[in-house]
Amino acid sequence: MFVDFPLDCTKNSLEKVTNIIEENKKEIERLLSIEKKTYLNFMRPFMELDNKLNEYFTPVAHLNSVCDSKETRESFSICLPAISVYSSELSQNKAVYDAVCEIAKDESLTTEQKKVVSDSLIMFKLGGVNLEDSKKQRLIEINTRLSELSDNFNKNLLDATNAFELVLKDDEFIKDMPESDKAAAKVKEGYKFTLQAPSYIAFMTYCINRELREEVYKAYMTRAANNSSIIEEILKLKHEKAHILGYKNYREMRNETMSCPSADDALNFLENLSKKGRPYALKELKELQDFAKTKGIDDVQSYDTAYLSNLLKKEVLDFDSQQFMPYFEKNNVVQGLFLFLQKLFNINFQEVKDVPLWHESVQCYDILDTNNKPFARLYIDLEARPEKRGGAWMNNWHTRRVDDKGVTHLSDAFIVANFPPAKDGNPSLLRHDDVHTLFHEAGHAIHHLFAKCSENDVSGINGVEWDAVEFPSQFLENFAYEEKVLKLFARHYKTGEIIPEELINKLIENKNFQSGMFLVRQLEFGIFDLKIYEKDYTYEEVHNIIKEVRKETAVITPPDYVIFENGFSHIFGGGYSAGYYSYKWAEMLSADAYLEFSKHGVFDEKIAKSFKENILEKGGSSTMQELFINFMGRKPDEQKLLELMGMK
């Protein structure tokens with residue numbers, strides 16, 4: 001039913017990948033020899049070839065992200081050129097393209113099948129299928145090099161993150177830090193802090209020594225100086241690629257797989273939000289600056305904001321994030337999330353024991369339908385480790401589909417995070433931000449796992465436009481603030497006491513604390529991302545662009561030494577290049593949908609069923625615009641985003 005995770009997959013990876021590719025090429029030749037090609041005898045088996053490669057290589061890539069070592073790096077990196085060349089050659093295969101064009105004429109295709117064919121034709125276009133041979137070859141070279149550059153970018157960033165540590169001999173400067181964070185930092189010499197997310201956030205939030213805060217901030221914001229040349233080469237190659245394919249620039253090319261009408265529309269969307277949101281951000285900054293003066297700080301800097309904001313919430317607004325942590329023990333939160341999803345979508349979770357797992361803290365669950373029959377599997381790996389890439393993400397492995405032999409396959413996925421680890425008998429206690437993150441990644445997971453599509457390439461998150469893929473995740477994270485949801489799992493880890501209503505009210509009241517400052521920060525990233533993909537800029541020009549963007553968006557200008565872009569892995573080491581705006585575009589959809597839920601009550605059966613059937617189960621089988629209209633009965637409303645953030 002489900003495939004066990006292959007812990008030994010990194011051995012002989014290049015040989016295995018090469019064998020799969022060669023077998024796939026032979027099968028493609030066989031498929032092309034079919035005289036009368038149809039969707040079922042050509043497209044279905046053709047999609048299975050991609051599944052074969054993904055089934056093997058996804059675990060290799062996964063282990064490289066969560067169990068970084070010399071072996072996993074080599075196993076992953078050595079395969080990238082072969083996979084990139086294979087993918088490029090496939091997207092340029094004129095015979096396959098002609099076959100898909102012929103199948104596209106079949107009027108009996110289902111809605112799913114039409115979308116598969118339509119998406120495939122776009123991919124062929126982006127692969128350069130109709131170009132002359134010399135340009136096709138150049139595209140293959142570019143794609144191969146871009147794959148290597150992204151991998152190198154991430155490796156440089158991880159190495160730089162792990163290279164820094166600060167040891168304090170005692171707790172003089174961190175007296176107010178939660179005991180769980182102190183326990184995680186405790187070493188023989190005193191307290192050790194690193195640039196890994198839980199440690200960095202705790203230090204910047206609670207360290208009272210301003211000079212030390214700047215030291216750690218500077219280390220974080222100057223990571224991976226050796227990524228400068230990589231950024232410049234990535235931009236140059238992507239611009240060249242866009243030109244070869246007949247586009248004005250890379251961001252125009254990227255828009256082919258988006259739901260936003262054009263890259264210019266995306267930029268206008270962000271700049272319009274900035275104009276509306278910046279006055280709120282400036283008001284919030286003024287409040288922070290006035291408060292800072294009472295603490296002897298006359299010039300608030302970037303390395304002060306987390307510390308001062310926490311104090312402001314605590315002393316003026318009577319909001320102390322530490323008060324919540326005892327109620328958010330990691331295992332309780334996970335079980336509460338499952339209970340919430342169970343009540344909302346009428347499903348169940350069952351832990352699976354005796355399956356191969358890559359770390360002792362990882363857990364595996366089957367998701368059951370109303371007949372207690374498993375329909376999907378979920379792995380969760382939530383605690384921070386030095387060998388794990390920073391951040392949080394969902395990664396899909398298998399996809400719910402019907403294969404060329406009529407066999408139904410079930411889906412599985414991984415949720416990965418970097419929460420404070422349990423240590424020396426102390427449990428993993430989460431900040432509410434961590435709870436928010438877990439709900440977000442769970443939204444991605446259910447989008448993939450709840451699919452009921454038959455066709456692989458539009459099932460789950462497959463085929464979903466890039467700027468809509470964050471919709472279900474951002475939708476679900478809103479429920480982490482709902483009283484009825486919090487009471488499902490927020491219990492004191494020592495006493496078992498359910499979180500008091502007073503604390504819940506504080507959490508809800510402070511949901512939009514400094515939401516304006518947060519908004520303009522995200523808009524800064526999104527506008528910067530779109531602007532740098534306009535031309536083949538040099539690194540120096542890129543650095544100047546982010547400075548110029550900050551003049552229009554940021555309310556605090558960071559120190560000159562900051563090279564944020566060198567750590568911007570979303571766009572240089574991940575899939576968000578010329579697409580970071582997707583977070584806000586999808587947030588517009590999610591805010592609109594969530595406010596509709598709020599009107600009817602959290603656990604309204606009718607609207608939950610509609611969301612599940614019209615959004616989650618449909619995957620990428622239609623455009624998100626169509627699916628949203630089916631769910632809401634109208635187009636999304638931009639104003640709902642500002643309304644949810646408290647900016648009416």
Side-chain angles (χ1 to χ4, degrees), residues 176-184 198 201-202 205-206 310 313-314 317-351 353 360-365 367-368 378 380-384 392 415 417-443 445-446 476-511 513 597 601-603 608:
D176 292 334
M177 186 176 287
E179 289 303 319
S180 57
D181 286 326
K182 278 190 189 178
I201 293 168
T205 304
Y206 295 103
N310 184 61
K313 282 198 289 187
K314 188 175 180 180
L317 306 176
D318 193 28
F319 182 92
D320 183 0
S321 59
Q322 288 189 56
Q323 290 179 291
F324 297 88
M325 292 179 69
Y327 295 95
F328 295 141
E329 189 274 324
K330 184 197 72 175
N331 293 324
N332 282 348
V333 173
V334 169
Q335 293 307 313
L337 168 66
F338 290 168
L339 182 57
F340 161 60
L341 293 174
Q342 175 185 326
K343 288 170 69 70
L344 193 64
F345 296 120
N346 203 17
I347 48 120
N348 222 323
F349 289 82
Q350 184 175 71
E351 186 168 7
K353 302 285 190 180
E360 61 184 11
S361 66
V362 178
Q363 293 173 296
C364 177
Y365 293 87
I367 308 179
L368 315 179
L378 176 66
I380 56 171
D381 180 357
L382 302 180
E383 296 187 4
I415 291 179
N418 276 275
F419 298 155
K423 184 181 177 184
D424 300 331
N426 294 302
S428 171
L429 300 181
L430 309 185
R431 297 172 179 81
H432 187 262
D433 284 350
D434 297 324
V435 179
H436 178 278
T437 296
L438 180 60
F439 272 62
H440 177 97
E441 299 307 334
I446 63 173
L476 203 71
E477 70 189 31
N478 287 297
F479 290 94
Y481 295 88
E482 285 283 355
E483 180 180 356
K484 289 180 180 177
V485 177
L486 287 166
K487 285 190 172 181
L488 294 175
F489 63 84
R491 291 181 172 82
H492 198 286
Y493 78 102
K494 286 183 177 177
T495 66
E497 173 203 10
I498 292 177
I499 188 169
E501 277 198 32
E502 177 191 357
L503 285 185
I504 292 177
N505 290 336
K506 283 185 182 179
L507 193 65
I508 295 169
E509 287 167 10
N510 286 277
K511 179 186 177 186
F513 177 72
F597 260 78
V602 176
F603 295 111

Could you grab the distance from atom [atom1] of [X] to atom [atom2] of [Y], nearest 0.5 Å is fine?
| X | Y | atom1 | atom2 | value |
| --- | --- | --- | --- | --- |
| Ile504 | Glu482 | CD1 | CD | 10.5 Å |
| Lys330 | Phe419 | NZ | CZ | 9.5 Å |
| Leu430 | Tyr493 | CG | OH | 12.5 Å |
| Lys314 | Asp320 | NZ | CG | 4.5 Å |
| Asp381 | Gln363 | CG | CD | 10.0 Å |
| Asn348 | Leu339 | CG | CG | 9.0 Å |

Looking only at heavy atoms, what is the nearest atom pair of [X] and [Y], with distance?
| X | Y | value |
| --- | --- | --- |
| Asp181 | Met325 | OD2-CE, 4.2 Å |
| Ala442 | Ile415 | CA-CD1, 3.7 Å |
| Tyr206 | Asp176 | CD2-O, 3.5 Å |
| Ala202 | Met177 | O-CE, 3.4 Å |
| Ser428 | Glu383 | CB-OE2, 4.0 Å |
| Lys484 | Leu488 | O-CG, 3.4 Å |

Given side chains that start at C-beta, do those of [X] and [Y] come closer than 4.5 Å, heavy atoms only?
| X | Y | result |
| --- | --- | --- |
| Pro420 | Arg431 | yes |
| Asn510 | Tyr481 | no |
| Phe597 | Asn478 | no |
| Thr205 | Gln322 | no |
| Leu382 | Asp434 | no |
| Leu486 | Phe324 | no |
| Glu497 | Tyr327 | yes |

Item to complete: Test Glu501 against Lys487 for salt bridge (charged side-chain N to carboxylate O under 4.0 Å, His left out), laying out the working first.
Response: CA-CA 9 Å; Glu501 277 198 32; Lys487 285 190 172 181; 3.3 Å; yes

Worksheet entry | Chi angles and distances behind the salt bridge (charged side-chain N to carboxylate O under 4.0 Å, His left out) call for Glu509, Lys506 | CA-CA 5 Å; Glu509 287 167 10; Lys506 283 185 182 179; over 6 Å; no

Practice prompt. For this output row, return yes or no: ring centroids of Phe338 and Tyr365 closer than 6.0 angstrom.
Written response: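 Ring-ring flag for Phe338/Tyr365: true, centres closer than 6.0 Å.
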
Worksheet item: For Asn332, does its backbone N or O pair with a side-chain atom of Glu329 as donor and acceptor, under 3.5 Å?
Response: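 A pair under 3.5 Å: yes.
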
Worksheet entry | His432 side chain to Ala480 backbone, donor-acceptor under 3.5 Å |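 Judged by distance alone, yes, a pair lies under 3.5 Å.
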
Worksheet item: With under 30° as parallel and over 60° as perpendicular, where do the rings of Phe489 and Phe328 fit, or are they tilted in between?
Response: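 Ring orientation, 0 to 90° scale: tilted.
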
Practice prompt. Could you walk me through whether Glu483 and Leu507 pass side-chain contact (heavy atoms from CB on, under 4.5 Å), step by step?
Written response: CA-CA 9 Å; Glu483 180 180 356; Leu507 193 65; over 6 Å; no

Discussion item. The test is side-chain contact (heavy atoms from CB on, under 4.5 Å); show your working for Leu341 and Leu476 and say whether it passes.
Written reply: CA-CA 10 Å; Leu341 293 174; Leu476 203 71; 4.1 Å; yes

Practice prompt. May I ask you to check whether over 12 heavy atoms, not counting those of Lys511, lie within 6.0 Å of atom NZ?
Written response: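 Yes, because the 6.0 Å sphere around NZ of Lys511 holds more than 12 heavy atoms from other groups.
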
Worksheet entry | Lys423 atom NZ, neighbour heavy-atom count above 12 within 6.0 Å |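 Yes.
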
Discussion item. Pair Leu344, Phe603 - check side-chain contact (heavy atoms from CB on, under 4.5 Å), show working.
Written reply: CA-CA 6 Å; Leu344 193 64; Phe603 295 111; 4.2 Å; yes

Worksheet item: Can you list the residues that meet the ring-ring contact (aromatic ring centres under 6.0 Å, His included) rule with Phe439, with sequence neighbours excluded?
Response: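 Phe439 satisfies ring-ring contact (aromatic ring centres under 6.0 Å, His included) with Phe340 only.
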
